[in-house]
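Everything on this sheet refers to the single structure shown next.
In listed order, ligands and their atoms are each counted from 1. Just so it is clear, the model here is predicted, and its values are computed rather than measured.
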Amino acid sequence: MLDSKYFTIVTYGCQMNQHDSERLAGQLKSIGYEYTESLSEANFVLVNTCCVRESAEKKIYGKIGELKTLKASNPNLIIGITGCMAQKDREKLFVKAPHIDLVLGTHNVHQLVELVKEFEQTKNHVLAVWDQAERLAPDVPTIRKGNISAWVPIMYGCNNFCTYCIVPYVRGRERSRPIEDIVKEVHQLGLEGFKEITLLGQNVNSYGKDTDEYGDFADLLQAVDQVETIERIRYMTSHPRDMNEKAIEVIANSKKICECFHLPVQSGSDTILKAMNRGYTTDYYRELVAKIRKVMPHASLTTDIIVGFPGETDELFKETLEFMKEIKFDSAYTFLYSKRSGTPAATMADQVPPQVKQERLQQLMDAQNEISLAINKTLTGETVTVMVEGPSKNDENRLMGRTGANKIILWDKQGTEKIGELAKVKITTAQTWILKGQLTT
Ligand code: 5AD
Ligand code: SF4
């Protein structure tokens, strides 16, 4: 009898990477590998990497170092590196870390089975990094994490070339999936019991722009909204420049699309936005937010902001801080600018010293925490509808669910709630990141 072979995947980075890991896991399962959470039990460890910021890369190199020790005690261990860092560093990874067996680029995810077989036969380093993607990523078996929410990619790549960002170099040009394939997949996921789907893309609003065949993002949203087997639709990430009135209208009139807008503004200074090549001004962004809030007053608005972009003076940073206070985001992901070699910003003059960046980040986070708490406090006393997701992380007698606006709500379990179904909770306590309440139905 053959012993079982075990695999594990360590995933860094965005949702697209998380979803790629589901496609990698499905392929490994199809050739007889079983999943394990434990690195030491695994015969095959795959690290799905991110290179959007240096901090991610450092962490990943730390993990790769850890695997060297593991391989020393288990010489048959196969180690694969995939994702954005694999795409960027390619064969350099074998030089830096010869204990790596397989390097698989972002356009080669679907080839895992043949590459593992190649390695098993040759026992030599296997490198598969295409410069460009095939028009459409071929279907592969997928094992989804969780059973309520599922990710569905709608487009791959990015054509924007924001001057700080490495993504267009490692994820390639924009390619949209056919609308029929997406609708079919969403329908099927609903039949399998999933309740919520998140449409994924580096820049979802550019959906369909690479072809005349599928319509645009608003058309896609409208089509997915008609799928009867699912209950909630989310999407990410949007580019403010490409979020148009047609899409806003479709969302406002939809049955299932969450009124949740993640619109990364990146900076509140027009000078910096221009240097970032973002393609909009703060006035444009203000108007966009006003349009959304006019038709959907309860919509939630979240953002990404980078501090310390080259040339960001104290004055320009203050503009961002003021802008944040003016717009009042529900929450904001704030990042220290990280130099990515090969991008235009890496060689720009007036790079900001680390200490200054750190101080600015802290100021921004403090301001945002205050705003988030104030917004959450306005919800106390209200009854909200949540989708029950499961026990809270810290207390199994408490349940956790999220509202359509993506607010995390915790309440004491009553026993009548069903995972994956909607419930009504009256908010009693507001905190910066979560809200607590009591079940009312
Ligand atoms: N440095 C810091 N943050 C970055 N992001 C992208 N590139 C960089 C970089 N070089 C941030 C942007 C983007 C988010 C996913 O990551 O804010 O929206
Ligand atoms: Fe990077 Fe800009 Fe593309 Fe987003 S839109 S992935 S920030 S280049």
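Which parts of ligand 2 touch H239 is read off a 4.0 Å heavy-atom cut-off, strictly below it: atoms 5 (S). Within the listing of ligand 1, atoms 3 (N), 11 (C), 14 (C), 16 (O), 17 (O) sit less than 4.0 angstrom from a heavy atom of F335. Taking every non-hydrogen atom of Y337 and a distance limit under 4.0 Å, the qualifying atoms of ligand 1 come out as 1 (N), 2 (C). Residue V52 approaches ligand 1 through these ligand atoms, each under 4.0 Å from one of its heavy atoms: 6 (C), 7 (N), 8 (C), 9 (C), 10 (N). In the vicinity of Y164, heavy-atom distances shorter than 4.0 Å reach the ligand 2 atoms 7 (S). Atoms of ligand 2 lying under 4.0 Å from any heavy atom of C158, numbered from 1 in the order shown and given with element: 3 (Fe), 5 (S), 6 (S), 8 (S).
Note on C165: counted as a metal contact of atom 1 (Fe) of ligand 2, an N/O/S atom lying under 2.8 Å.
Heavy atoms of L336 approach ligand 1 to within less than 4.0 angstrom. Heavy-atom distances between R278 and ligand 2 reach below 4.0 Å in at least one pair.
Regarding atom 7 (N) of ligand 1, its nearest protein heavy-atom neighbour is Y164 CD1, 3.3 Å. Considering only non-hydrogen protein atoms, atom 10 (N) of ligand 1 sits nearest to S338 O, 2.8 Å. In this structure, the protein non-hydrogen atom closest to atom 5 (S) of ligand 2 is N160 ND2, 3.2 Å.
When I306, D304, V307, T237 are checked for heavy-atom proximity to atom 13 (C) of ligand 1, D304 turns out nearest. If you check each of R53, K339, H239 against atom 16 (O) of ligand 1, the one with the closest non-hydrogen atom is R53. Relative to atom 12 (C) of ligand 1, the option among M236, H262, R340, Q266 with the closest non-hydrogen atom is Q266.
Proximity of a side-chain donor or acceptor of T229 to a complementary backbone N or O of H187 within less than 3.5 Å is detected. The backbone N or O of Q358 lies less than 3.5 Å from no partner atom in the side chain of Q362, so there is not a single donor-acceptor pair.
The residue from F217, Y207, W151 that alone fulfils the ring-ring contact (aromatic ring centres under 6.0 Å, His included) condition with Y235 is F217.
Looking at R173 and D210, no side-chain N of the basic residue comes within less than 4.0 Å of a carboxylate O on the acidic one, giving no salt bridge. Salt-bridge annotation for R144 and E192: absent, with no side-chain N of the basic residue lying under 4.0 Å from a carboxylate O of the acidic one. Electrostatic pairing of K63 and E66 counts as a salt bridge here, judged by a charged N lying under 4.0 Å from a carboxylate O. Ionic pairing of R53 and D304 is not present here: no N-O contact between side-chain nitrogen and carboxylate oxygen is shorter than 4.0 angstrom.
Proximity of C162 to ligand 2, defined as any heavy-atom pair under 4.0 Å, is shared by backbone and side chain alike. For P168, every heavy-atom contact with ligand 2 shorter than 4.0 Å involves the side chain, none the backbone. Of all the heavy atoms of N203, none lies under 4.0 Å from any atom of ligand 2, so neither backbone nor side chain is involved.
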Audit row: E312, I306, side-chain contact (heavy atoms from CB on, under 4.5 Å) steps and yes/no: CA-CA 10 Å; E312 187 188 70; I306 297 175; over 6 Å; no
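Checking N406 against S300 by side-chain atom types alone, no donor-acceptor pair falls below 3.5 Å.
Ring-centre distance between H239 and Y280: below the 6.0 Å cut-off. In this structure, Y6 has its ring center no closer than 6.0 Å to that of Y33.
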